[in-house]
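The structure under discussion appears below in the form of structure tokens.
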Amino acid sequence: MKKLIITAAMALALPLGLSACGASDSGEHAEKGNGENEEAAKGPNGGRLLTDGDFAVEVTIFEEGQDPQFRVYASRDGEPVDPKSVKLSITLKRLGGVINKFSFTPEGKYLLGQGAVEEPHSFDVEVVAVVDGKRSRWTYESYEGRTTITPEAAKQGGIEIGTAGPAKIGDARELYGTVELDPSAISEIRGQFPGRVVSVTKQVGDYVRKGDLLARVESSESLQIYPVYSTVSGVVAERGGNPGNMTGGEPLYVITNPGATTVVFNIFPRDLGIVRPGMRVDVEAQDGRIVGAATLGRYLSEGNAEAGTALIRASIPNRGGWIRPGMTMRGRLNVNQESVPLAVRTEAIQPFRDFQVVYARYGDKYEVRMLELGRKGKEFTEVLSGIEPGTPYVTEGSFLVRADVEKSGASHDH
């Protein structure tokens with residue numbers, strides 16, 4: 001049989017030499033523990049022993065093969081007391097204002113609590129027992145997975161808070177592609193009539209505005225010199241003539257708009273049925289710089305024969321002009337998205353004992369919330385139970401809270 005000991009791992013320590021409980025004639029007892037590293041008194045069943053004169057109750061939680069449930073053993077002068085003669089209740093006060101009350105019924109040699117003791121087993125405890133007309137009352141702290149962090153320390157540690165609630169969850173796909181100029185970003189400027197180039201005004205790499213003079217050409221037919229103006233604004237990518245050259249059907253200048261960039265992603269055959277035009281993709285450079293969100297266009301008619309992939313294009317913003325053709329980009333795509341009523345950020349989930357948890361925050365107190373999880377996505381994970389909607393929890397820096405909890409020793413044995 002396995003019993004869970006209710007301990008007060010984070011109780012305020014009394015100076016050595018003081019009594020383990022403060023008793024009075026009214027039967028009121030405040031259990032505090034009498035040393036920072038000392039445990040509360042234990043009974044013969046391995047539970048917490050609470051005494052009032054010659055009367056005592058031993059509080060345990062039994063959970064082997066079942067939901068955790070209180071089992072309380074009563075005794076007088078070390079001898080068992082008939083459970084039928086004891087009226088018992090236990091009240092648990094949790095962070096967030098939740099109160100759990102348990103009544104008890106006789107069950108063999110012990111009193112059995114009605115209802116499961118939900119995780120985490122972290123609460124302020126009140127035990128009230130009435131036997132032979134005498135009332136005994138004990139209070140003590142039993143905390144696990146709890147710690148206190150000041151707002152200043154939380155800010156310094158980079159701890160950020162979110163709220164448990166609805167989210168969209170999907171399978172993540174990573175796409176890789178190469179930056180190209182959008183086909184609409186390339187303009188070819190030709191002379192109106194064939195002839196000899198008299199002069200040119202712009203070099204490759206120069207920025208031009210729409211209407212700027214680019215060249216003067218002497219017409220072969222009329223021998224008149226006419227100007228050639230830029231029809232767009234952009235950067236000179238190519239110049240097709242020098243003074244003295246003859247111009248005909250070839251463009252004199254190629255002007256590009258560097259802000260009209262696209263990325264052409266490679267799509268492997270296994271993803272052809274999943275990745276579709278119109279989907280939103282988050283794009284970033286190989287060095288981690290964020291490009292922004294883009295929308296997938298149609299699949300291109302040609303593919304990448306060497307890689308054995310199909311190609312799909314997405315226009316991307318080029319704020320600051322740092323994106324250049326030929327750069328490799330990474331895209332993150334969520335597919336098969338589904339809305340769920342309750343979720344937490346995936347990066348916030350930490351291991352604690354045999355559970356997956358997040359850390360709920362109440363003021364400057366942080367405490368584990370054991371989660372039953374559903375679908376897992378890259379950004380969010382569905383929660384089936386373990387935390388209430390609207391609960392503030394640690395989204396970033398949860399590993400720091402976990403380390404602080406482990407350092408405090410705020411846990412009990414299972």
Side-chain angles (χ1 to χ4, degrees), residues 63 67-68 94-96 98 116-122 144-147 149 154-155 157-176 268 270-271 273-276 279-284 288 290-294 296 330-363 365-406 410-411 414:
E63 57 181 337
D67 290 333
R94 300 175 180 268
L95 283 181
V98 175
V117 185
E118 295 182 357
E119 297 279 6
H121 294 164
S122 183
E144 72 159 334
R146 182 188 295 192
T147 190
I149 302 176
K155 182 177 180 181
I159 293 174
E160 296 187 10
I161 305 299
T163 303
K168 289 185 177 180
I169 297 177
D171 298 326
R173 290 289 190 278
E174 283 201 343
L175 310 178
Y176 291 89
F268 289 92
R270 67 174 181 270
D271 291 330
I274 298 175
V275 179
R276 298 183 299 275
M279 284 184 165
R280 179 182 181 274
V281 59
D282 295 313
V283 183
E284 64 179 39
I290 302 299
V291 175
L296 294 178
R330 177 170 56 240
R332 288 190 173 90
L333 185 72
N334 286 322
V335 298
N336 300 326
Q337 280 198 336
E338 180 182 349
S339 295
V340 297
L342 184 59
V344 295
R345 289 197 172 272
T346 301
E347 65 179 345
I349 300 171
Q350 294 286 324
F352 181 84
R353 300 200 333 252
D354 298 330
F355 298 95
Q356 295 293 298
V357 306
V358 293
Y359 289 92
R361 186 196 70 176
Y362 299 91
K365 291 183 174 58
Y366 297 77
E367 188 176 83
V368 293
R369 289 294 176 266
M370 286 75 165
L371 307 179
E372 181 184 356
L373 301 176
R375 288 187 60 189
K376 182 178 180 179
K378 186 173 183 63
E379 188 174 2
F380 288 97
T381 295
E382 180 183 14
V383 176
L384 303 179
S385 65
I387 193 170
E388 292 296 321
T391 300
Y393 72 99
V394 179
T395 57
E396 292 190 23
S398 56
F399 66 96
L400 297 174
V401 182
R402 173 189 170 191
D404 207 59
V405 166
E406 291 175 347
S411 62
H414 273 64

Contact summary for [X] and [Y], nearest pair of heavy atoms:
X      : Y      : value
Gly374 : Leu384 : N-CG, 4.0 Å
Ala164 : Val344 : CB-CG1, 4.3 Å
Ala343 : Phe380 : CB-CB, 4.3 Å
Tyr362 : Gly96  : CE2-CA, 3.4 Å
Ala293 : Asp282 : CB-OD1, 3.8 Å
Leu400 : Gly157 : CD1-O, 2.9 Å

### Close side-chain approach of Tyr393 and Arg369, heavy atoms under 4.5 Å
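Side chain of Tyr393 against side chain of Arg369, heavy atoms only: no contact under 4.5 Å found.
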### Query
Does the side chain of Ile349 come within less than 4.5 Å of Val358's, by heavy atoms?
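Yes; the side chains approach each other to less than 4.5 Å.
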Between the side chain of [X] and the main-chain N/O of [Y], is any donor-acceptor distance below 3.5 Å?
X      : Y      : value
Thr381 : Thr346 : no
Arg94  : Pro120 : yes
Ser398 : Ala348 : yes
Glu367 : Arg146 : no

#### Entry: Residue pair Val383, Leu373: steps toward the side-chain contact (heavy atoms from CB on, under 4.5 Å) verdict
CA-CA 5 Å; Val383 176; Leu373 301 176; 4.2 Å; yes
### Message
Just to verify, what does Glu284 make a side chain to side chain donor-acceptor pair (under 3.5 Å) with, not counting sequence neighbours?
### Response
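With neighbours one apart ignored, the set is Arg330, Arg332.
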Are the charged groups of [X] and [Y] less than 4.0 angstrom apart, N to O?
X      : Y      : answer
Arg173 : Asp171 : no
Glu144 : Arg353 : yes
Glu160 : Arg345 : no

#### Entry: Cation over ring face, Arg270 and Phe268, 6.0 Å, 45°
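Pair Arg270/Phe268 counts as cation-pi.
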### Heavy atoms of other groups near Gln350 CD, more than 12 under 6.0 Å
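Yes, because the 6.0 Å sphere around CD of Gln350 holds more than 12 heavy atoms from other groups.
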Gap separating the [atom1] atom of [X] from the [atom2] atom of [Y], nearest 0.5 angstrom:
X      : Y      : atom1 : atom2 : answer
Glu379 : Ile169 : CD    : CD1   : 10.0 Å
Glu174 : Lys378 : CD    : NZ    : 6.0 Å
Met370 : Gln356 : CE    : CD    : 11.5 Å
Lys155 : Ile149 : NZ    : CD1   : 16.0 Å
Leu175 : Leu296 : CG    : CG    : 7.0 Å
Glu63  : His121 : CD    : NE2   : 6.0 Å

### Task
Would you please test Arg402 and Val394 for side-chain contact (heavy atoms from CB on, under 4.5 Å) and show each step?
CA-CA 10 Å; Arg402 173 189 170 191; Val394 179; over 6 Å; no
### Task
Quick one: do Val340 and Arg375 satisfy side-chain contact (heavy atoms from CB on, under 4.5 Å)? Show the steps, please.
CA-CA 9 Å; Val340 297; Arg375 288 187 60 189; 5.7 Å; no
### Query
Can Tyr359 and Val368 be said to form a side-chain contact (heavy atoms from CB on, under 4.5 Å), step by step?
CA-CA 5 Å; Tyr359 289 92; Val368 293; 3.2 Å; yes
